[in-house]
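Below: the structure, in structure tokens.
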Amino acid sequence: MPFSPSHRIDRRSLLQRSGIGLGMLGLNSLFADQEGTTPSANDNRTASPLATKQPHFPGRVKRVVHFFLNGGPSHVDTFDPKPTLEKYAGQAPPMSLATERKTGACMPSPFAFRKYGKSGIEVSELFSRTAEHIDDIAVIRSMYAQVPNHEPSLMLMNCGDSVLPRPSVGAWALYGLGSENQNLPGFISMCPSGLPVKGAENWQSGFLPGSYQGTYVDPKHSRIDKLIENIHSPHATTKVQQRQLDLLRQLNAEHKSTRHDPRLETRIQSYELAFRMQMEAADAFDVADETKETHELYGTGVHARQTMIARRLLERGVRYVQLWHGAGNVWDHHAKLEEGHRKLAGEIDQPISALLTDLKRRGMFHDTLVIWGGEFGRTPTVELTGGGAETLGRDHNHYGFSVWMAGGGVRGGTIHGATDEFGFKATENPCSVHDLHATILHLLGFDHTKLTYRYAGRDFRLTDVHGNVIKNILA
């Protein structure tokens, strides 16, 4: 349109209009914060928050299964042998580290260790079946946490911060990569007979959209309608439910159009995922069609079943599966450690070994990451009662403990770092939990410093301002 004098505006009007425009830009930035618009290279907004996304670089693994031994398994009784404890048995160690409870003299491991595989790594008899795969496993013997308490250590190991509420590792993995199966949750946590300490906070999405939160399943049930509540509708057929969902989607869209609340989108996504799960979850969680040979490979009991389910979920494109041992702090053996550890290890040693075997024969081992460990370790000294009597157990030890990893991108038959000769403190190549998280993300294809989420005016990441990839264990 040709210019005419009537189109002129004075300086005051120009500033007023510009000011309103700047305000709208600021408002748009605020909305972007709430929606989670991320300046990272990975920002790939799609219709579904669970749609598959590309990592920063080609990852070595596509999926993760994490065996979490909640309560704190003893490293000196599993993957970190300490012959010095025999020498100093019944004597106070020549060092003093503060522990949560009163401890006394050195307590040698009641379990025999021997070398396995070509690498000759020593492993306790507690995990003799798992040890058959030691040449595929990298043992990190120099992990350390921040405090000797379950709650903050669980949060640190699972969410990267022992104090503030933060998204869990599984939520970050799902946020970064999405899921390969839109009919199943991309992140599933299984814990038999209840919840671990801190419950769902261990698999929370934090400030990430709720679509990335882990889905809890109690694998103590074998019937699918008990395993997954409301998996079948007693009131409507699938066709009728689809019509209901279509109407609900339309109503939700109208409701959403006048509001700006990310929680609403999360709720809509959860309804639609719940409907889609009816098609596929029943098959994924039903192990009845597994062969007799496979059942014999995994063994019997709830841990055999949940580990078998985990493999079935990974096969179907679930991104992150976490397998907890049981409700509460089941590995927290302050007393009668030999009895307790022998029982619990006996429940999971065969299933863990079976999963490693199964992944290999199905061609999945090379792009699956398997993680084993707890929130901290246990003291090499015996715990004492208030009266000074020995409990034959061990106290919490955050100064040094062991975690192992196996699968794609991991250099098997490797030991990284070491604790002192008693097993009290990480002394050689100490590894923080942030280092572990940085390594997990690296194997998935992410630079942990660039996988960020804009929240409350700043870019957050799983590792905060810490973390280095543990390069020594990479293939």
Side-chain angles (χ1 to χ4, degrees), residues 66-85 93 95-104 106-111 113 121-124 126-127 130 137-158 162 196-197 324-325 329-338 340-342 344-345 348 371-383 391-405 415-437 470:
H66 185 177
F67 290 93
F68 205 104
L69 284 62
N70 44 312
S74 170
H75 53 295
V76 298
D77 294 299
T78 53
F79 290 92
D80 191 5
K82 295 298 176 183
T84 302
L85 294 178
M95 62 175 64
S96 179
L97 290 173
T99 54
E100 185 185 42
R101 306 187 187 189
K102 187 177 181 180
T103 64
C106 293
M107 184 172 83
S109 176
F111 309 108
F113 281 77
I121 295 175
E122 289 185 274
V123 180
S124 162
L126 289 178
F127 287 97
T130 301
I137 292 173
V139 183
I140 305 171
R141 288 180 173 172
S142 56
M143 290 296 305
Y144 67 90
Q146 296 172 349
V147 292
N149 306 104
H150 294 290
E151 291 82 357
S153 293
L154 282 165
M155 290 297 92
L156 178 65
M157 184 60 74
N158 284 293
S162 60
V197 168
W324 296 76
H325 198 107
N329 293 322
V330 287
W331 280 85
D332 193 25
H333 293 136
H334 291 276
K336 298 182 179 180
L337 180 137
E338 179 179 5
H341 267 41
R342 193 178 293 280
L344 297 187
I348 63 171
I371 308 170
W372 176 101
E375 64 266 39
F376 44 51
R378 309 205 77 82
T379 59
T381 50
V382 66
E383 186 167 321
T391 65
L392 299 182
R394 302 186 191 276
D395 194 16
H396 308 160
N397 182 15
H398 66 291
Y399 299 110
F401 60 100
S402 297
V403 166
W404 63 252
M405 305 169 76
I415 295 174
H416 179 79
T419 52
D420 59 68
E421 60 179 335
F422 294 90
F424 230 137
K425 184 178 181 180
T427 54
E428 180 184 318
N429 295 322
C431 291
S432 71
V433 175
H434 299 298
D435 297 334
L436 179 67
H437 290 166
I470 309 171

Take Ile121 and Ile415 through the test side-chain contact (heavy atoms from CB on, under 4.5 Å) and record every step on the way to the result. CA-CA 8 Å; Ile121 295 175; Ile415 295 174; 3.8 Å; yes
When you look at Ile137 and Thr130, which way does the side-chain contact (heavy atoms from CB on, under 4.5 Å) test go after all the steps? CA-CA 9 Å; Ile137 292 173; Thr130 301; 4.1 Å; yes
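- Interatomic distance, Tyr144 OH to Ser432 OG, rounded to the nearest 0.5 Å: 4.5 Å.
- Once rounded to the nearest 0.5 Å, the distance linking CZ of Arg141 with CZ of Phe401 reads 15.0 Å.
- Put simply, the side chain of Pro93 reaches to within 4.5 Å of the side chain of Thr381, judged on heavy atoms.
- A donor-acceptor distance shorter than 3.5 angstrom exists from the side chain of Asn397 to the backbone of Phe424, with no hydrogens or angles considered.
- Proximity of Val330 to Trp324: side-chain heavy atoms (C-beta onward) are nowhere separated by under 4.5 Å.
- A distance of 4.5 Å separates OG in Ser402 from CG in Asp80, rounded to the nearest 0.5 Å.
- Without hydrogens or angle criteria, Arg394 side chain to Pro380 main chain gives a donor-acceptor distance under 3.5 Å.
- Between Leu337 and Glu383, every side-chain heavy-atom pair lies at or beyond the 4.5 Å cut-off.
- Closest of all the heavy-atom pairs between Gly374 and Pro73 is CA-CD, 3.9 Å.
- Note: Asn329 CG to His334 NE2 = 8.0 Å, rounded to the nearest 0.5 Å.
- Judged purely by atom type and a 3.5 angstrom limit, Tyr399 has no side-chain atom pairing as donor or acceptor with the backbone of Thr419.
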Run the side-chain contact (heavy atoms from CB on, under 4.5 Å) check on Phe422 and Leu97 step by step: do they pass? CA-CA 12 Å; Phe422 294 90; Leu97 290 173; over 6 Å; no
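- Side-chain contact between Phe68 and Pro196 is absent, with no heavy atoms from C-beta onward closer than 4.5 Å.
- Asp395 contributes no side-chain N or O that, together with a main-chain N or O of Thr379, makes up a donor-acceptor pair within less than 3.5 Å.
- Note: Thr99 OG1 to His398 NE2 = 10.0 Å, rounded to the nearest 0.5 Å.
- Between the side chain of Asp435 and the backbone N or O of Ile470, no donor-acceptor pair lies under 3.5 Å.
- Within the 4.5 Å cutoff, the side chain of Ser74 has heavy atoms near those of the His341 side chain.
- Panel note: side chain Thr391, backbone Val382; no donor-acceptor pair is recorded below 3.5 Å.
- Asp77 and Ser124 share no side-chain donor-acceptor pair at under 3.5 Å.
- Under the salt bridge (Lys or Arg N to Asp or Glu O under 4.0 Å) criterion, Glu338 pairs with Arg342, not counting sequence neighbours.
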Give the C-alpha distance, both sets of side-chain angles, the deciding distance and a yes or no for side-chain contact (heavy atoms from CB on, under 4.5 Å) between Trp372 and Val403. CA-CA 6 Å; Trp372 176 101; Val403 166; 5.6 Å; no
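- Summarising the geometry, atom CH2 belonging to Trp404 is positioned 14.5 Å from atom CE belonging to Met143; distances are rounded to the nearest 0.5 Å.
- Judged by distance alone, with hydrogens and angles left aside, the side-chain atoms of Asn149 form no donor-acceptor pair with the main-chain N or O of Glu151 at under 3.5 Å.
- Remark: of the listed residues His325, His150, His396, His75, His325 is the sole one forming a ring pair (Phe, Tyr, Trp, His ring centres under 6.0 Å) with Trp331.
- Using a 4.5 Å cut-off on side-chain heavy atoms (C-beta onward), Val147 and Ser153 make contact.
- Heavy-atom minimum distance, Gly417 versus Ser142: CA-OG, 3.4 Å.
- In this view, Asp332 and Arg378 satisfy the salt bridge (Lys or Arg N to Asp or Glu O under 4.0 Å) rule, not counting sequence neighbours.
- Looking only at side-chain heavy atoms (C-beta outward), Leu85 and Met107 stay at 4.5 Å or farther from each other.
- In this structure, the side chains of Phe127 and Ile348 come closer than 4.5 Å at one or more pairs of heavy atoms.
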